[in-house]
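Below is one structure, written out as structure tokens, with a few remarks after it.
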There are 2 protein chains.
Amino acid sequence: MQSKKDIATLCKENGLRLTGPRRVIMKVLSEATDHPDVVELHRRVNAIDRGIALATVYRTVNLLQEKGVLERHTFADGRARYEPAHQEHHDHLIDVETGDVIEFRSDEIERLQEEIARKHGFAIVSHKLEIYVKPLKAKVQLRGNRPPAKP
Amino acid sequence: MQSKKDIATLCKENGLRLTGPRRVIMKVLSEATDHPDVVELHRRVNAIDRGIALATVYRTVNLLQEKGVLERHTFADGRARYEPAHQEHHDHLIDVETGDVIEFRSDEIERLQEEIARKHGFAIVSHKLEIYVKPLKAKVQLRGNRPPAKP
DNA sequence: ATACTTGCAAATGCTTTGCACGTCA
DNA sequence: TGACGTGCAAAGCATTTGCAAGTAT
């Protein structure tokens, strides 16, 4: 909830002009709790200001990613998805049934990766771990597809 | 080197007709030691038979992936890359300087992933771990860019 | 024979870009 | 005002698809 306040600062820090479209786009980004793709971002942005072009969202999101403000992910569907850059690295659990993304972190896995890279004569630049999952004990809860309730 | 022999079998097993293009494409695939993208595959295929269309490579590669014969990977560059499906799951180390891909496997990491998924109430469907790396002790060996040898 | 394959070209979906017009600093 | 930002439409890429002609079984 420290969203709107930081936007001006963020722009200044990165030598970006504070414009209307950017204000809106960054507001939407800072309020997102999921990992929206660009078209979804554009949808949300347009709900606030109809006049902002898809191209502008692309440009802004690319800028912010270059500046390290956003993180770009590309899961199995191919589209780029964004989230505010975290301080701490984390990985993702992706529910293949709903598309939901859950973040997690395992220091032990991080450590093992370091070890593996070193063993091969490399230093880690970055990495990503995506675990595609489905709920245990297959829930009957299939999105508005419930069988009629028994009287 | 059990390459060509299996191709007829592979097709039969999967209900695919054994055609010229498929023979060539599967030969190229079975001989690849790297993780080529479709355009690169097409280049190699065309070195053998000029007449095979890119669309056919795409179609074949998709078929084989659906049948579980190939694995599709999508690394940071966005293009799909393929390799013959291994029996044992493995992950990838990607050299960001050369694009080289090195395979590795860590049972410990596999186990930790299981644990994490279970802890969140999920079962793993699949996963991928990509570690982007660069060589330790920056080698001067920069691809045909060597300084003149000292006499 | 006939269902499956192919080549070609056109279409797609996501993303980037050229350009002329607006606008923040 | 001058460099930066924006909307729009067109261009790019990687990949897919419709269709008519070719081919394996």
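Order of the sequence lines fixes the chain letters, A, B, ..., with proteins taken first and strands second; residue numbering starts at 1 for each chain. Basis for what follows: all heavy atoms, side chains included, without hydrogens, waters or symmetry-related copies.
Of the candidates C/dG7, D/dT6, C/dT17, D/dT6 carries the atom nearest the A/Thr60 side chain, counting heavy atoms from C-beta on. When distances are taken from the side chain of B/Arg17 to each of C/dA25, C/dG7, D/dT23, the shortest belongs to D/dT23. Set against C/dT5, D/dT15, D/dT6, the side chain of B/Leu54 has D/dT15 as its closest nucleotide. Residue A/Arg79 has its side chain nearest to C/dC14 when only C/dC14, D/dT6, C/dG7 are considered.
The nearest whole Å value for the distance from the CG atom in B/Leu41 to the P atom in D/dT15 is 11 Å. For the pair B/Glu40 CD and D/dT15 C1', the computed distance is 17 Å after rounding to whole Å. The separation between A/Arg59 atom CZ and D/dT6 atom P is 8 Å, rounded to whole Å. In this structure, the CG atom of B/Leu63 is 16 Å from the P atom of D/dT15, given to the nearest Å. Atom CG in A/Leu16 sits roughly 18 Å away from atom P in D/dA3 (whole-Å rounding). Counting to the nearest Å, the P atom of D/dT25 and the CG atom of B/Asn14 are 14 Å from each other. Rounded to whole Å, atom C1' of C/dT5 lies 12 Å from atom CG of B/Leu18. Taking atom NZ on A/Lys12 and atom P on D/dC4, their separation rounds to 17 Å, with Å as the unit.
Here B/Asn62 reaches the OP1 or OP2 of D/dT16: one of its side-chain N or O atoms lies under 4.0 Å away. Regarding contacts with the backbone of C/dT6, a side-chain N or O of B/Thr19 is found under 4.0 angstrom from either OP1 or OP2. A close approach under 4.0 Å does occur between a side-chain nitrogen or oxygen of A/Arg22 and OP1 or OP2 of D/dT6. For the pair B/Tyr58 and D/dT15, the criterion of a side-chain N or O lying under 4.0 Å from OP1 or OP2 is met.
Nucleic acid contact for B/Gly51: sugar-phosphate only, since backbone atoms but no base atoms lie under 4.0 Å from a heavy atom of the residue.
Classified by interplanar angle (parallel below 30°, tilted 30° to 60°, perpendicular above 60°), the ring pair B/Phe75/B/His73 is parallel.
Using modelled atom types and a 3.5 Å distance limit, the side chains of A/Glu83 and A/His35 yield a donor-acceptor pair.
Salt bridge status for A/Glu40 with A/Arg43: present, with a side-chain N to carboxylate O gap under 4.0 Å. Taking the charged nitrogens against the carboxylate oxygens, B/Arg105 and B/Glu103 have no contact shorter than 4.0 Å, which rules out a salt bridge.
A 4.5 Å side-chain heavy-atom check between A/Ile109 and A/Gln113 finds at least one atom pair inside the cut-off.
Nearest-nucleotide positions on DNA chain C for B/Ala53 and A/Arg72 put B/Ala53 closer to the 5' end.
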